[in-house]
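Shown next, in structure tokens, is the structure this report addresses.
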Number of protein chains: 2
Amino acid sequence: MTRTSRSSYHHGGLRQAVLDAALDVIAAEGPGALSLRDLARRAGVSHAAPAHHFKDRTGLLTALAAEGYALLAEALASAPELRERGVRYVRFAVEHPAHFQVMFQPELLRADDPDLLAARERASVELRAGVAGLADVPDARTAGIAAWSLAHGFATLLLTHNVTGALGDRDPEEYFRSLTGLLFTGQLPPDQEGKRE
Amino acid sequence: MTRTSRSSYHHGGLRQAVLDAALDVIAAEGPGALSLRDLARRAGVSHAAPAHHFKDRTGLLTALAAEGYALLAEALASAPELRERGVRYVRFAVEHPAHFQVMFQPELLRADDPDLLAARERASVELRAGVAGLADVPDARTAGIAAWSLAHGFATLLLTHNVTGALGDRDPEEYFRSLTGLLFTGQLPPDQEGKRE
DNA sequence: CTCTGAACTTGTCAATGCCTAGATTGCGGC
DNA sequence: GCCGCAATCTAGGCATTGACAAGTTCAGAG
């Protein structure tokens, strides 16, 4: 599969090739720098070939977002409890910055795309599942939003280079664990005790 | 002032006119939909006039971001304590969505612009000042990042229509107050007691 | 009155998104 | 084995855009 390009008329794996190339561009220069014609060039096809798979620019970005939500759902599933789920959320943002960026920019996407909606729903289920285990908190829904906000905010600040200073050379995931300790409990998490001060 | 357009050769307030028009476009359709030529048309000047004030697209967005950081610093200043500072952060995002969006997309900005750096530094000072009042928390810096992450995450999710469901018809600021209660203390804030359940 | 620089205009070029029409290919039915 | 057909890709064209260069208007200093 994914024949690299046998000089044949048909590319074979154009769709995924374009998606992958788009990820590189977005991660490096943001969604604004994305050009369909440039992606076509990279894949070695004519300038209108990508349009067949994605219709237009918005279609491509929507496909990327859907792919992102699928990956996120997969990453969140099978996480034991809430804190670990948060850690995986942050990890997803770090490992898939382009996906993450596109997923949370509604203006770039076709809001009613079926694939997008389905993938987002799957991710949403996984997100909500994480809060179910919480018993010692008054309002589970509010607690869920709080947890999501904390993880999402940290991930966003991380990707926008706004916490690099405070982070030093520490691992982002490890740092995030100490943040989760401040939510709900007001203490640093038990497995981090040796670290404080 | 800001003569609307006296059919004179010089516009008089082009710079601010373009900035304001840009805010409308970005708030409605995102930074990607922004076109210098369109902004020029709206201001009733030739297509190259804006370039004189902003050099290029990046320059315009950088100016917007700087303006945003200045507004944020102003909004944060004179807030009594940390929670209120968070509320104002969220309020800023809601009232200035275009500014907020541009401020946190580094790829759109000229990172070394002096005005931008200065304005950001002023905002940063105000942000750090909020954590100073915290005494009952082990690590002030980590606590600051946690608070910032919570506020920033909630603001972002709000602007991307990701919490509209959970919010219902409640005021975003009020809702955020209940979130802050979960940080550090693990309880809902005292002035919200009647609300829970 | 002139000089100078800021503000704005006009013209141009390469690049892009998107549309339409046409070419090529592989695949299933017969 | 071959035929038709739909998916895939090519080729060309048009309107729009960002950026650049060179010229025009205007206001204020001296």
Side-chain angles (χ1 to χ4, degrees), chain A residues 1-22 24-26 28-64 102 105 107-110 113 115, chain B residues 1-22 24-26 28-64 102 105 107-110 113 115:
Chain A
M1 58 175 179
T2 313
R3 58 174 64 189
T4 25
S5 91
R6 262 289 173 222
S7 76
S8 68
Y9 193 89
H10 285 45
H11 182 284
L14 218 198
R15 188 186 152 91
Q16 198 57 45
V18 168
L19 284 175
D20 292 348
D24 288 346
V25 174
I26 295 175
E29 311 174 60
L34 199 137
S35 148
L36 288 181
R37 285 171 115 103
D38 178 49
L39 296 178
R41 261 178 309 239
R42 295 182 187 223
V45 294
S46 88
H47 62 91
H52 178 72
H53 294 275
F54 305 106
K55 167 74 177 173
D56 56 14
R57 229 181 90 100
T58 304
L60 167 59
L61 290 166
T62 302
L64 271 183
V102 172
Q105 269 183 288
E107 323 87 37
L108 300 179
L109 311 177
R110 190 127 31 218
D113 182 85
D115 291 351
Chain B
M1 58 172 175
T2 315
R3 59 173 67 187
T4 25
S5 87
R6 263 286 176 227
S7 74
S8 70
Y9 193 91
H10 284 45
H11 181 284
L14 219 198
R15 188 186 152 92
Q16 197 57 44
V18 169
L19 284 175
D20 292 347
D24 288 346
V25 175
I26 295 175
E29 312 175 59
L34 201 139
S35 148
L36 288 180
R37 288 173 114 101
D38 177 49
L39 296 178
R41 251 165 301 185
R42 294 183 187 224
V45 295
S46 86
H47 64 89
H52 178 73
H53 294 275
F54 305 105
K55 171 73 178 172
D56 56 14
R57 229 180 90 100
T58 303
L60 167 58
L61 291 166
T62 302
L64 271 183
V102 172
Q105 269 182 285
E107 322 88 34
L108 300 178
L109 311 177
R110 193 135 16 228
D113 181 86
D115 291 351

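Small disclaimer: the values here were computed from a predicted structure and weren't measured. Naming convention: chains lettered A, B, ... in sequence-line order (proteins, then strands); numbering from 1 in each chain.
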Query raised in the report: Does any residue of residues 49-56 of chain A have a heavy atom under 4.0 Å from DNA chain D, and if so, which ones, in number order?
Result: A49(A), H52(A), H53(A)
Query raised in the report: R42(B) has an atom CZ; how far is it from atom C1' of dT17(D), in whole Å?
Result: 15 Å
Requested in this report: Would you kindly give the CZ-to-P distance between R15(B) and dC8(C), to the nearest whole Å?
Outcome: 12 Å
**Report entry** Heavy-atom side-chain contact between E29(B) and E107(A) under 4.5 Å
**Finding:** no
**Report entry** Residue pairs passing the salt bridge (Lys or Arg N to Asp or Glu O under 4.0 Å) test where at least one lies in residues 39-51 of chain A, sequence neighbours excluded
**Finding:** D38(A)-R42(A)
Query raised in the report: Would you say D115(B) and T62(B) make side-chain contact, with heavy atoms under 4.5 Å?
Result: no
Report summary line: Letter by letter from the 5' end, nucleotides 11-16 of chain C scores (B base, S sugar-phosphate only, - none; protein heavy atoms under 4.0 Å) BB---S
Report task. Would you kindly give the CG-to-P distance between L14(B) and dC8(C), to the nearest whole Å? Result -> 5 Å
Report task. Please report the closest heavy-atom contact between S46(A) and A40(A), naming both atoms and the distance. Result -> O-CB, 3.3 Å
Query raised in the report: Could you give the angle between the helix axes at the two ends of the helix from dC1(C)-dG30(D) to dC30(C)-dG1(D), with five pairs per end, rounded to 10 degrees?
Result: 10°
Query raised in the report: If you look at every heavy atom in A33(B) and V25(B), which pair is closest and at what distance?
Result: O-CG1, 3.9 Å
Query raised in the report: Who pairs with Q16(B) by side chain to side chain contact (heavy atoms under 4.5 Å, CB included), at least two apart in sequence or on another chain?
Result: L19(B), D20(B), E67(B)
Report task. Measure the shortest side-chain to side-chain distance between V18(A) and H53(A) over non-hydrogen atoms and say whether it is less than 4.5 angstrom. Result -> no
Report summary line: For L14(B) and A43(B) the tightest heavy-atom approach is CD2-CB, 4.0 Å
Query raised in the report: Got a sec, which pairs hit salt bridge (Lys or Arg N to Asp or Glu O under 4.0 Å) with one end in residues 46-57 of chain A, sequence neighbours left out?
Result: D56(A)-R110(A)
Query raised in the report: If you measure from OG1 on T58(A) to CG on L108(A), what distance do you get to the nearest 0.5 Å?
Result: 7.5 Å
